[in-house]
J.: 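Okay, here's the structure, questions in a sec.
Counting from 1, the numbers follow the sequence of the chain as shown. Each ligand, and each atom within it, is numbered from 1 in the order the structure gives.
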Amino acid sequence: MSSRAQQTDSRIEVLLNEPIGTIAPEIYSHFVEHLGAVVYDGIWVGENSKIANVGGIRKALVDALKKTKPAVIRWPGGCFADQYDWRDGIGPRSKRPKRTNFWVDSREWSSKANKTGPQVYDPNHFGTVEFARFCQLSASQPYFAANLRSLPAQDFWHWVEYCNSPNGSTTLAAQRAADGAAQPLNVRYWGVGNESWGCGGNFSPEDYAIEFKRYSAWVPGYGVPLRLVGSGPNGGDIEWSRRFFAKAAERGGLGKMWGWGLHHYSWNASAGRTREWFAGKRDAVKFDNEQYYEILKECLLMEGLITKHWDAMGVVDKAHRVKLAVDEWGAWYAPGTEPFAEALLGQQNTMRDAVLAGLTLDTFNRHADKVAMANIAQLVNCLQSLFLAHEDKFCVTPTYHVFDMYAAHQQGQSLRVVTNAPEVRYDRNGSPATLVGLSSSASLKGKQLVITVTNPSLDQTREAEVAIKGGAGKSVTATVLAAADAHAHNTFTNPDAVKPAAAQVAVRGGAIVHRFPPASVTKLVVDLA
Ligand code: AHR
């Protein structure tokens, strides 16, 4: 250890000889729901709009998203999915029906919202082919969530037929061609319902297991190896996993199931959940130290959720053929910071959210053997979004920058990392509480090692020695996302208040020494000797 390293307060050891698994690009995936201003205004502006667009799709969004290598985008819900009839979104746009949106009666609408527009009465201008085009433009793959609660199983495979049957083969392929997509869309990822324990039908796990079989027993892929995702648990509901797998395993096993969906949102639960389940939510921008740390604590629950559900799945699926698909995650705050009134569940996104994203993505990377996909909720104008967009205004959020930085991990070999740092200490409702001091993950591709490190402390810089066990660093570059104040955020008028910067890193005797500023996310890219 160099004399400089001896002064450090923390140590991160990357173990080159302890691979965990390949980091699936799908861990860096997204979620788009017909909810508030996600689709209309956020993504779809229409072909005749003055806003720069490609076939009706907001160009600025596509250009920025593409940079982050988005693997998969999930659509059309969420809760909306189990109300959606995919046939409403095909055929000539001018003839498509207008339908009442699932979220019409949400209690979280701003009183100032115009409730006559597409956010409430969906014109279905953004349907299957438009969504597929959006995915193609942003170089990602579509993941469709099928309606299990209110459409028959027959409609599910008909939707697959519309998307994937060869050009000229079926009536639905001819319809797809008339809609502008002669060649098959080759959709691989299909969700079989959404939150079937809640808005997706209030099923018991046993009831849902039977439904899952009805929907998945016969679905032709047309040469595409389908990856079906079951509607998995709400956070820590281990019984949902255990009982579903036990029931599904009867007579015929898990069939074509590839992923088991896990949903986990972070909110200030410690503030007390009353009958109003959202009473624990707090403001996205005005937060005190306790609220800052508590929401990070919520996101750190992800580690235990992954391992506990994994163990429950393994009782039946001993070879772990089915992996976890965390297809909704992120911070969820109280209404009040929407970028504009129609953006239902829209919220600002501060440096705190960037820290939350860093902690969560590091968790997924460290469990690359278990997590096959993860979709942050949601892409634009909703919850922990990467973008805010309204009319001709557009900006990226601090969370966007984390995705941009972490894209370097995709398809790398996840390595075991041992991190030692003094715990964060804070006051939790008058009692002492602690949080992890530093969080990190590492991946290797050839001779390039990517290490990401998040410092959640609001006031402590951590100086760490980063030791590479089984190799040595030759050169290093660092990218740091930090702000003088964790409340910092980007707006339409100040879009670069939070943005990453390059930093100098010292390499001494093969080891790296770096100072990680408070409330920061850092990426180190190391060329190995
Ligand atoms: O992302 C918002 C909602 O949260 C989704 O529609 C639902 O699946 C979840 O409860």
J.: Are W44 and F134 an aromatic pair by the rule of ring centers under 6.0 Å?
T.: no
J.: Are the aromatic ring centres of F144 and W159 under 6.0 angstrom apart?
T.: yes
J.: Indicate yes or no: does an N/O atom of C79 lie under 3.5 Å from an N/O atom of ligand 1?
T.: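 There is such a contact, yes.
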J.: Under a heavy-atom criterion of less than 4.0 Å, does W332 contact ligand 1?
T.: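 It does; at least one heavy atom falls under 4.0 Å.
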J.: Less than 6.0 Å separating the ring centroids of F31 and W75?
T.: no
J.: Can you name the atoms of ligand 1, numbered from 1 with element, that are less than 4.0 Å from a heavy atom of L383?
T.: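 Listed by number with element: 1 (O), 2 (C).
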J.: Looking at atom 10 (O) of ligand 1, what's its closest protein heavy atom, distance included?
T.: E195 OE1, 2.7 Å
J.: Does ligand 1 have an atom that lies less than 4.0 angstrom from a heavy atom of W329?
T.: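 No; W329 lies far enough from ligand 1 that no heavy-atom distance drops under 4.0 Å.
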J.: Can you see whether E33 engages W103 through a side-chain donor-acceptor pair at a distance of less than 3.5 angstrom?
T.: yes
J.: Which atoms of ligand 1 have any heavy atom of F31 under 4.0 Å away?
T.: 1 (O)
J.: Answer with yes or no whether Y265 contacts ligand 1, where contact means a heavy atom under 4.0 Å from a ligand atom.
T.: yes
J.: Can you name the atoms of ligand 1, numbered from 1 with element, that are less than 4.0 Å from a heavy atom of Q378?
T.: 1 (O), 2 (C)
J.: Counting the benzene-type ring for Trp, do F492 and F394 have ring centres under 6.0 Å apart?
T.: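 No: the rings miss the under 6.0 Å criterion.
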J.: Got the closest protein heavy atom to atom 8 (O) of ligand 1, with its distance?
T.: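 That would be E328 OE2, 2.7 Å.
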J.: May I ask you to check whether S140 and H30 show a side-chain donor-acceptor distance below 3.5 Å?
T.: no
J.: Below 4.0 angstrom from a heavy atom of N194, which ligand 1 atoms are there? Numbered from 1 as shown, please.
T.: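 Checking each atom against N194, I get 8 (O).
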J.: Just checking, any donor-acceptor pair under 3.5 angstrom between side chains of Y189 and E26?
T.: yes
